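Computed from a predicted structure; not experimentally measured.
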Amino acid sequence: MPVRQLDQTTVNRIAAGEVVERPASAVKELVENALDAGATRIEIVTDGGGRRLIRVTDEGAGMTRADLALSVERHATSKLPEDDLRDIRTLGFRGEALPSIGSVSRLAIATRHAAEPNAWAIGVDAGEKSEVRPAALSEGTRVEVRDLFYATPARLKFLKTDRTEAEAIRDVVRRLAMSRSDVVFTLAGEERAPVTWGAALPGLAGRLARLGDVLGAEFRANAVEVRGGREGLTIEGYAALPTYSKGNALSQYLFVNGRPVRDRLLLGAVRGAYADYLPRDRHPVVALFVTVEPREVDVNVHPAKTEVRFRDSGLVRASIVRALQEALARDAQRAATTGGAATVAAFRPNTAQRGWDWRASPARPFTQGATALAGFAEAAQTAFDVGAPAADTRVAAEAAPDLVDRPLGAARAQLHETYIVAQTRDGIVIVDQHAAHERIVYERMKEALEKSGVARQILLIPDIVELDEADVERLAARADELAKFGLAVEPFGPGAISVTETPSMLGDLDAQALLRDLAEHIAEWDEALPLERRLMHVAATMACHGSVRAGRRLKGEEMNALLREMEATPNSGQCNHGRPTYVELKLGDIERLFGRK
């Protein structure tokens, strides 16, 4: 077939396929244009998930008559004053959004510039442009997109339900609202009630307020401030405690020079920073803002501008990891506030179905054989169906009064040989002794590894552990790495391995259980996994086996010693698997349970 030049309408529709993938893409482009125009108040209205209507109204600088006529032409932009693609200081720059949207929809733009006596309007219907005509508008710009993709019906088949597309629009607006806390955003549509995010004060305090408005009060209560960077690179924002995590990575909001992005490098850096705190199936919640000289980042690598490329990617990754780790180390002794709230909710009587009955109260006399405690939250009932009361509560000796003022208080009792109950000045703390000691041992091993290596003890009689031949080969191949932690192993025949030395800080341990767990972890390792991460996996596994186990009785002095070690240990708010090590209940919450407040 001969080579021929495509007509302008077809070219615009091809560009629309790259820039406008769905209604949310059009919203993103239009809102970014409003922000670049200096708007401080933006209203977004949608109908039919953006399919039937998208209206974006702002009170920014607006356009003159000549600018408006040129704005719907391809490769026309006001965002490259020096035509330097290496110096992008705006959110939009490609000069394709408006003509691309107009080629697949019915586009109407009304705008007024301060230098013009009146407003002007223009329309684009499936690529056909109208004449510029006078219009009525007090200030700023109003853009309406109707019947999106009506000119390309095949594209409509790939859109999801109105509700799904509306949720995608909401996510786009939420990200843009997080990036500009000084701008008022209003989002309205038939799919849900209107929502407005008001302007916040400047600085990090205002940014946290906007993040709390968008992500919820729980994020604000569990967020730690992140600051870092070097060599002209600045990292700011907030990251949630490891104990406040999610089941997917959708709650990681990353911004580069104010631009929302979903970049692999940045996502990998966040994951690496939390690798010491979270298991593989949990994901952190963060909102990070990276500021870098525009010439050091290429924002023109993706039509939708969702990916970027840094000149020095190693510097960016290292700075993010360091900033997050410093923030988490500073505040990771805290446990998520949601733990206490969930505990209170579990005890709260369910009065929605029936009135309060003292016979359903946990304070009633115990009845042998009772199988349910009505009036408790359904999910919590089985936790109390334990038969006769266990006689394993150990009351701690009277502690010094000053211990009550410590962050984790004074130990008062041990319940079920697993949980330590401590009294603070304004509440109580319940500690999982195994999870807490596991983190303490892990941090000790990390510190010893950085300084002089983990001290080891030689076994008088080596432990012979029988394993599958494949597991023996894996452990033998990693013998040098295991030796760094004081665990000396060597093959002992085709299906066994010999343990000759163990870490002294772990004392007596079950070598067979430890080696089986290590073999399972090693089998899951990716060969590309850095040595440091592999060593941390080993340390975490060994710490789990060398910590105080659930079911061990502790004296009062031992309980208080564990609490003091937790207060002095970094990251003691969660164990190596990302679970909380303690739950705090404020006295006010307890009083509300009993109707005192």
Side-chain angles (χ1 to χ4, degrees), residues 15-37 39-60 71-72 79 90-111 124 140-152 155-156 158-180 183-197 210 214 250 253 255 258-262 302-307:
E18 297 176 345
V19 178
V20 188
E21 300 175 355
R22 60 194 307 185
S25 305
V27 171
K28 178 177 181 293
E29 297 287 347
L30 298 178
V31 174
E32 287 179 348
N33 285 346
L35 291 171
D36 286 338
T40 59
R41 183 179 296 273
I42 302 174
E43 181 184 67
I44 304 100
V45 177
T46 65
D47 184 23
R51 227 177 304 228
R52 292 190 290 270
L53 171 66
I54 297 172
R55 182 190 301 122
V56 177
T57 307
D58 68 74
E59 35 72 278
S71 68
V72 293
K79 304 173 183 182
T90 58
L91 296 177
F93 66 94
R94 296 180 65 89
E96 296 175 350
L98 292 179
S100 297
I101 294 172
S103 68
V104 294
S105 68
R106 295 184 173 92
L107 174 67
I109 307 174
T111 183
V124 183
T141 303
R142 181 181 66 240
V143 182
E144 286 191 0
V145 180
R146 294 185 179 273
D147 301 327
L148 186 63
F149 296 132
Y150 94 95
T152 54
R155 296 295 302 277
L156 286 172
F158 292 94
L159 296 183
K160 303 185 185 305
T161 64
D162 289 356
R163 188 174 187 84
T164 301
E165 296 297 340
E167 190 59 36
I169 291 174
R170 180 180 174 84
D171 183 64
V172 163
V173 177
R174 289 168 77 241
R175 291 177 185 274
L176 290 167
M178 284 188 275
S179 71
R180 292 292 301 273
V183 178
V184 179
F185 288 83
T186 299
L187 175 62
E190 66 171 11
E191 295 82 10
R192 59 172 65 241
V195 59
T196 297
W197 294 294
R210 170 59 64 85
V214 177
L250 298 179
Y253 302 94
F255 305 85
R259 184 190 306 276
V261 298
R262 294 288 297 176
H302 192 278
K305 299 171 291 184
T306 57
E307 297 179 8

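Note that CD1 of Ile54 and CG of Asp147 are 11.0 Å apart. Values are rounded to the nearest 0.5 Å. Of the inter-residue distances, the one linking Leu176 atom CG with Arg259 atom CZ reads 10.5 Å to the nearest 0.5 angstrom. One finds the CD1 atom of Ile109 at 4.5 Å from the CG atom of Leu107 (value rounded to the nearest 0.5 Å). Between the CZ atom of Arg22 and the CZ atom of Phe149 there is a distance of 10.0 Å, given to the nearest 0.5 Å. Here the straight-line distance linking atom OG1 of Thr46 with atom CG of Leu187 works out to 6.0 Å at 0.5 Å rounding. Between atom CG of residue Leu30 and atom OG1 of residue Thr141 there is a gap of 10.5 Å, rounded to the nearest 0.5 Å.
Salt bridge status for Arg55 with Glu144: present, with a side-chain N to carboxylate O gap under 4.0 Å. A salt bridge links Lys28 with Glu32: the closest approach of a Lys/Arg side-chain nitrogen to an acidic carboxylate oxygen falls below 4.0 angstrom.
Between Arg175 and Asp171, some side-chain heavy-atom pair lies under the 4.5 Å cut-off. Side-chain contact check for Phe185 versus Val31: some heavy-atom pair is nearer than 4.5 Å. In this structure, Phe255 and Arg180 have side chains that are not in contact, with every pair of non-hydrogen atoms separated by 4.5 Å or more.
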*Give the intermediate values and the outcome of side chain to side chain contact (heavy atoms under 4.5 Å, CB included) for residues Val104 and Leu148.*
CA-CA 6 Å; Val104 294; Leu148 186 63; 4.1 Å; yes

_Pair Trp197, Met178 - check side chain to side chain contact (heavy atoms under 4.5 Å, CB included), show working._
CA-CA 10 Å; Trp197 294 294; Met178 284 188 275; over 6 Å; no

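Taking all atoms of both residues into account, the shortest heavy-atom contact from Ser71 to Pro99 is O-CD, 3.9 Å. Considering every non-hydrogen atom in both Gly258 and Ser179, the closest pair reads O-CB, 3.5 Å. The heavy-atom pair separating Val124 from Gly102 by the smallest distance is CG1-O, 3.6 Å. Contact between Asp58 and Ala34 at its shortest, heavy atoms only, is OD2-CB, 3.4 Å.
Formation of a donor-acceptor pair under 3.5 Å by the Asp36 side chain with backbone atoms of Leu91 is found in this model. The backbone N or O of Arg41 sits less than 3.5 Å from a side-chain atom of Glu59, completing a donor-acceptor pair. Side-chain atoms of Arg51 never come within 3.5 Å of backbone atoms of Pro23 as a donor-acceptor pair (strictly under, hydrogens ignored).
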